[in-house]
Amino acid sequence: MEDRSDLYDVYTTNAPPHWEDPQHQCLEDQDNVECLRRKIKYYFMNPCEKYRARGRKPWKLILQIIKIAIITIQLVSFGLSNQMVVTFKEENLMTFKHLFLKDYADGGMDTYAVYKQADVYDHIDYIIKQFGHLHNITVGNHAYKKNGDFYTPLSVCQESYSNASIYPGNETFEIDARVETECFDIYPMYNPSLQETLPHFELHFKRMLSVTVTFVLKAINLQTVRHRELPDCYDFTVIITFNNQAHSGRIKVDLDNDVDINECRDWKVAGASARNIYLTVLFDCLIIVTCIMSLALCTRSVINGIQLQLAYTLYSQNRYDKQVPWSDRLEFLNGWYILIIASDILTIIGSILKIEIQTKVLTSYDVCSIFLGIGTMFVWIGVIRYMGYFRKYNILILTLRAAFPNVVRFICCAGIIYLSYCFCGWIVLGPYHEKFRTLNTVSECLFSLINGDDMYPTFKNMKQKSSLVWVFSRVYLYSFVSLFIYMILSLFITIITDTYDTIKQQQQSETPTSELQIFMSVCQDLPNSGMYRLEENSCFLNCCVTRCRTHQERHQERLTSEA
């Protein structure tokens, strides 16, 4: 409190400010100061005050409202389209499991495994037969992929150690750790049986690592045609893996697929005109134009703020020979404009990708979803800026902004303790608890415990094979819950609460809290006083900057002559 700046002293004393003292400044310099002060005060006005001050319509506000509406419509439209794509992929994956996995039941992939050698041959033979008779058994529009005039084959690959002699009874083994791969191709509709196609096929179970069955099927997603969107053609690369890397006597079986979405080569849609199909493309073009306009307006505002910041910094250096604090400098860099600019850029990129998806040039649904999703999120977060113009709602924004540095520092310290518990739980409890098998699951489990979720099952599912580890798990879990819920979480809430109380007291006292606010508070002109219109016509920011620089040069020349 003792190191208050000169600006603050000018405000708190009854003596006239330095820039108003005729012994220090001429009348022209006083006009320049008032010009700069009005410019800065006008910059921090809300759209309604700016309209009363200069009669300028709030184009940015109107444009943002329009942009929020059309971007939300675009996101909902793309979300419904993307939902159909995701549903088609998931349902095809479930179809392949029922078609090619013998005796498969829904939700049984975690326990789907084979334990006998004959069962492994039987399952592989079942896959080959189902693949060969696909046209006769499937209810979907699946077909084989062709390379020219020939169908692509089904591939059976066995990975195993190059050589292994293992004798568990004698506790001896000899193994060559190099892995060799042996593959066979089986064409569809020809010899649809493992024994007929590969009569000499043999699995070396003692040194076998895995058996992979791979094939490609094609399908068309016809449900999109009812939503004014051209159907896509899909290539499903189905991969069935018999995993024997543990050599535990249990071979886990897993089915997965890689999906490639392509533009259909030849198509004809009856009952829907091309005009209706491409209406969404025109709508996306409208969104791109709107975002470009918003980007230009917000960029101009950011540039104006930087120019004002440079003028204010130059003025402070000339008058008081001191640097402006970074907190005051950052006030000119409006974070809301930066957020809107980021959302505009993301939305423009996402809209371009969406147009290419609609016209079947690209099929990057995931990339487009990320751009459109983040862009829309930023747009809606930007709405809080306009809520902040109301005094009661503004306290939330001010509290978040003021508490952010302390929250970041607090999270860094708490994160170190959190990571220490993650590493400790993973290495000690991992072999005895499913939720501690990997670092990812450990972090998810501990974060759930902080929020009071899934607490009892975490205690209960601990295996009691080792009494020492069981006791350690109790100390570990009790100490973590007590530390984070009762201490760290409470301190975190306290930081937010103290910041809220401070901001609330500042609003009630209505006293300036920074040098920049003190500088602006000297100007008592109301927005509808007409002074801002005169200031716009008679004084420009460039003029203020030029005169400040001229004053600085004169001051330096005077100091040089005195020296």
Side-chain angles (χ1 to χ4, degrees), residues 84-104 106 109 112 120-159 181-201 203 210-225 229-243 253-269 360-365:
M84 290 186 292
V85 174
V86 173
T87 302
F88 188 73
K89 292 179 182 179
E90 292 178 349
E91 291 185 355
N92 273 275
L93 179 61
M94 185 60 63
T95 299
F96 297 148
K97 291 178 180 179
H98 281 276
L99 286 178
F100 301 108
L101 298 182
K102 187 176 181 181
D103 300 329
Y104 175 77
D106 289 339
M109 288 307 300
Y112 193 84
V120 179
Y121 286 106
D122 191 23
H123 278 69
I124 296 176
D125 185 66
Y126 180 83
I127 295 170
I128 295 173
K129 289 182 179 179
Q130 294 292 97
F131 178 74
H133 298 290
L134 180 66
H135 284 147
N136 299 326
I137 60 177
T138 182
V139 297
N141 56 359
H142 301 99
Y144 305 114
K145 183 180 180 180
K146 277 189 174 182
N147 286 331
D149 296 332
F150 300 96
Y151 292 110
T152 57
L154 175 147
S155 177
V156 180
C157 294
Q158 176 184 190
E159 290 187 350
T181 303
E182 183 181 12
C183 295
F184 304 95
D185 292 336
I186 302 174
Y187 289 85
M189 297 183 294
Y190 301 100
N191 301 322
S193 170
L194 178 62
Q195 185 177 2
E196 295 174 358
T197 307
L198 304 173
H200 302 292
F201 179 76
L203 298 175
S210 65
V211 176
T212 305
V213 182
T214 307
F215 53 90
V216 181
L217 297 177
K218 300 182 72 66
I220 300 177
N221 187 5
L222 296 177
Q223 62 178 333
T224 59
V225 76
E229 184 177 342
L230 294 177
D232 293 318
C233 291
Y234 291 72
D235 288 349
F236 292 97
T237 303
V238 183
I239 304 171
I240 304 175
T241 305
F242 295 80
N243 189 349
V253 184
D254 181 65
L255 185 147
D256 198 2
N257 63 347
D258 295 331
V259 184
D260 291 329
I261 306 176
N262 306 309
E263 179 184 2
C264 296
R265 298 179 181 177
D266 189 13
W267 55 270
K268 182 178 180 181
V269 180
K360 305 308 174 185
V361 177
L362 292 177
T363 55
S364 304
Y365 282 89

Is there a side chain to side chain contact (heavy atoms under 4.5 Å, CB included) between Val211 and Val120? Walk through the geometry before answering. CA-CA 10 Å; Val211 176; Val120 179; 5.5 Å; no

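- Ring planes of Phe242 and His123: perpendicular class, angle over 60° (limits at 30 and 60°).
- For the atom pair Phe236 CZ and Asp256 CG, the distance stands at 12.0 Å (nearest 0.5 Å).
- A distance of 9.5 Å separates CZ of Phe215 from CG of Asn257, quoted to the nearest 0.5 Å.
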For Leu255 and Val238: C-alpha separation, side-chain torsions, deciding distance, then whether side chain to side chain contact (heavy atoms under 4.5 Å, CB included) applies. CA-CA 7 Å; Leu255 185 147; Val238 183; 4.1 Å; yes

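- The CD1 atom of Ile240 lies 11.0 Å from the NZ atom of Lys97; values are rounded to the nearest 0.5 Å.
- For Ser210 against Thr241, the heavy-atom pair with the smallest separation is CB-CG2, 4.5 Å.
- Taking the six-membered ring for Trp and the full ring otherwise, the centers of Tyr144 and Phe131 sit less than 6.0 Å from each other.
- The closest side-chain heavy-atom distance from Asp106 to His98 is below 4.5 Å.
- No side-chain donor-acceptor contact under 3.5 Å links Thr138 to the backbone of Leu134.
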When you look at Lys102 and Tyr112, which way does the side chain to side chain contact (heavy atoms under 4.5 Å, CB included) test go after all the steps? CA-CA 10 Å; Lys102 187 176 181 181; Tyr112 193 84; 4.1 Å; yes

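- To the nearest 0.5 Å, atoms CG (Asp185) and CG (Leu154) are separated by 8.5 Å.
- Residues Leu217 and Lys145 form no side-chain contact, since every pair of their non-hydrogen atoms from C-beta on lies 4.5 Å or further apart.
- The two residues Ala219 and His142 come nearest to each other via the heavy atoms CB-CD2, 4.0 Å.
- Distance check: Cys157 SG to Ile239 CD1 gives 11.0 Å after rounding to the nearest 0.5 Å.
- Side-chain contact between Val259 and Asp235 is absent, with no heavy atoms from C-beta onward closer than 4.5 Å.
- Scanning both residues, Tyr234 and Phe88, for their nearest heavy atoms gives CD1-CE2, 3.7 Å.
- Atom-to-atom distance recorded for Asp260:CG and Asp258:CG is 7.5 Å, nearest 0.5 angstrom.
- At least one side-chain heavy atom of Tyr104 sits less than 4.5 Å from a side-chain heavy atom of Met94.
- Scanning all heavy atoms of the two residues, the minimum distance from Thr181 to Glu159 falls at OG1-CG, 3.6 Å.
- Although no hydrogens or angles enter the test, the distance criterion places a donor-acceptor pair under 3.5 Å between the side chain of Gln130 and the main chain of Leu99.
- With a 4.5 Å cut-off on side-chain heavy atoms, Asn243 and Asp254 do not count as touching.
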